[in-house]
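Atom set for the values below is all heavy atoms of this structure, side chains included, hydrogens, waters and symmetry mates excluded. By convention in this document, chain letters (A, B, ...) are assigned in the order of the sequence lines, proteins followed by strands, and residues within each chain are numbered from 1.
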Number of protein chains: 2
Amino acid sequence: MADDGLDNYVLDTVDRRIIKELVADGRVSIRALATKANISRAHAYVRIERLQNAGIIEGFTARISHERAGLGASAFVALSIRQDSWRGISEQLRTLPFVDHFSLLGGAFDVLVLVRAPDNAGLRNLVLERLQGLDGVRSTTTWLIFEEANGPGPTWIDEQTT
Amino acid sequence: MADDGLDNYVLDTVDRRIIKELVADGRVSIRALATKANISRAHAYVRIERLQNAGIIEGFTARISHERAGLGASAFVALSIRQDSWRGISEQLRTLPFVDHFSLLGGAFDVLVLVRAPDNAGLRNLVLERLQGLDGVRSTTTWLIFEEANGPGPTWIDEQTT
DNA sequence: TTTGAAAAATAATGACC
DNA sequence: GGTCATTATTTTTCAAA
């Protein structure tokens, strides 16, 4: 593949500062961003566009409190699946309501799905009716989430050189 | 607790439309948002502020591609912990670099940590040196993430009545 | 990459239905 | 809740250095 600038893009200090600010506040004005990152506005525009074109910044979104928004019951559901069924299962999970995130894993389990439903009844229905019914799913194991939190965010961004 | 308007806030149709748009595009202008949600701009300001005060909208952020930003190795790490150690472990995980998200679970495992490191060596170091060294951690089990994706987003938001 | 200028768009507020 | 009007800011582009 030719180097079209989209792959193997190495972040420099300016990129990292921009990312840090945009992760902390996705609606920050370009003015404020440029100031905080110690660059000109014009430069900020250029860099942000480049980061988006490179696929490093995928987009911007609102962070919603699952619980306060009505999704009070969350769980991880491990799926044991047939060897050749990952692709099909993946396609279905992408559109299954209340599925937040899912991963194909190495090790004892095959697929780990993070689901968030309005309540335990909804969770139960989701697991028993939808997940276990997916073509290729052999068995499921569910762990309720009692409490959760996020890590420190992109602290690693300060620790790299360029 | 008195009803200060911050708790038990029930979303109506307008709130849901606003959230949907802001999740899809966190930097959308209030103008465009108001148009898409079929409300006036003034109304949009009021609603967004209310949603933020109620803690439903926690903030805004850039969605970063972990892989393209240099975090190519991700894994789930299950921690088996001492009964009384959750609080302390939680506090430490909040500041531990490369920790993305973690949960206190019911069931066989105690804590599930999602970590993202630059490479497998970094991942190994993180698990062996940092996570296993946390006070209260008895043992760890690691599952590498080969592939991952997100669910459909807030589709459930359309399916509720008010 | 930076700076300054300038037009267009948007934000934010307040008065009034 | 919605509409309108107004002013302050910001965005965005461009030219110049």
Side-chain angles (χ1 to χ4, degrees), chain A residues 3-6 8-64 68-70 157-158 160-162, chain B residues 3-64 68-70 154 157-158 160-162:
Chain A
D3 180 4
D4 55 6
L6 298 185
N8 291 91
Y9 182 106
V10 178
L11 301 179
D12 69 7
T13 307
V14 172
D15 291 319
R16 295 209 192 83
R17 286 201 284 249
I18 289 174
I19 289 175
K20 190 177 182 180
E21 295 301 332
L22 287 177
V23 167
D25 179 4
R27 278 184 82 87
V28 65
S29 72
I30 302 292
R31 266 191 140 72
L33 175 63
T35 300
K36 290 187 178 185
N38 279 306
I39 55 176
S40 67
R41 278 171 293 150
H43 196 186
Y45 282 112
V46 171
R47 287 305 187 105
I48 292 175
E49 188 178 3
R50 205 206 297 182
L51 287 169
Q52 288 187 294
N53 289 338
I56 294 167
I57 295 178
E58 297 177 329
F60 298 90
T61 188
R63 290 189 297 109
I64 304 297
R68 296 194 188 237
I157 223 163
D158 298 319
Q160 295 183 14
T161 55
T162 291
Chain B
D3 180 6
D4 56 7
L6 298 184
D7 300 300
N8 292 91
Y9 182 107
V10 177
L11 301 179
D12 69 6
T13 308
V14 172
D15 292 319
R16 295 210 192 82
R17 285 199 285 247
I18 290 174
I19 289 175
K20 189 177 180 180
E21 296 300 332
L22 286 178
V23 167
D25 179 4
R27 277 184 84 87
V28 65
S29 72
I30 303 292
R31 259 191 147 67
L33 175 63
T35 300
K36 290 187 179 185
N38 278 306
I39 56 177
S40 69
R41 272 180 295 156
H43 194 188
Y45 282 114
V46 171
R47 286 306 186 104
I48 291 174
E49 187 178 5
R50 204 207 299 182
L51 287 168
Q52 287 187 294
N53 289 338
I56 295 167
I57 294 178
E58 298 177 329
F60 297 90
T61 189
R63 291 189 296 111
I64 304 296
R68 295 193 188 239
I157 222 162
D158 299 320
Q160 296 182 11
T161 55
T162 293

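The CG atom of B/Leu33 sits 12 Å away from the P atom of C/dA12 (whole-angstrom rounding). Following rounding to the nearest Å, B/Glu49 (CD) and C/dG14 (C1') show an atom-to-atom distance of 14 Å. The separation between B/Ile39 atom CD1 and D/dG1 atom C1' is 10 Å, rounded to whole Å. For B/Asn38 and D/dG1, the CG to P distance is 15 Å, given to the nearest whole Å. Straight-line distance from the NE2 atom of A/His43 to the P atom of C/dT2: 5 Å, rounded to whole Å. Summarising the geometry, the separation between CD1 on B/Ile30 and C1' on D/dT9 is reported as 14 Å, rounded to the nearest angstrom. As rounded to whole Å, 9 Å separates atom P of C/dA11 from atom CD1 of B/Ile48. Counting to the nearest Å, the P atom of C/dA15 and the OH atom of B/Tyr45 are 17 Å from each other.
Within a 6.0 Å radius of CD in B/Glu49, other residues, nucleotides and ligands contribute 12 heavy atoms or fewer.
As judged by a 4.0 angstrom heavy-atom cut-off over every strand, A/Ser29 is placed among residues touching the sugar-phosphate backbone only.
Taking the nucleotide of DNA chain C with the nearest heavy atom to each of A/Arg47 and A/Arg41, the more 5' of the two is matched to A/Arg47. Checking A/Val28 against A/Ala42, the closest nucleotide of DNA chain D that is more toward the 5' end is the one next to A/Val28.
Minimum atom distance to the side chain of B/Ser40 is reached by D/dT3, of the listed D/dT13, C/dA11, D/dT3. Ranking C/dT3, C/dA11, C/dA5 by closeness to the A/Arg27 side chain, first place goes to C/dA11.
Between B/Ile48 and B/Leu33, the closest heavy-atom pair is CD1-CD2, 3.4 Å.
Checked by atom type and distance alone, the side chain of A/Arg16 pairs as donor or acceptor with a backbone atom of A/Leu11 at under 3.5 Å. Of the possible donor and acceptor atoms, one in the side chain of B/Arg68 sits under 3.5 Å from a partner among the backbone N and O of A/Ala54.
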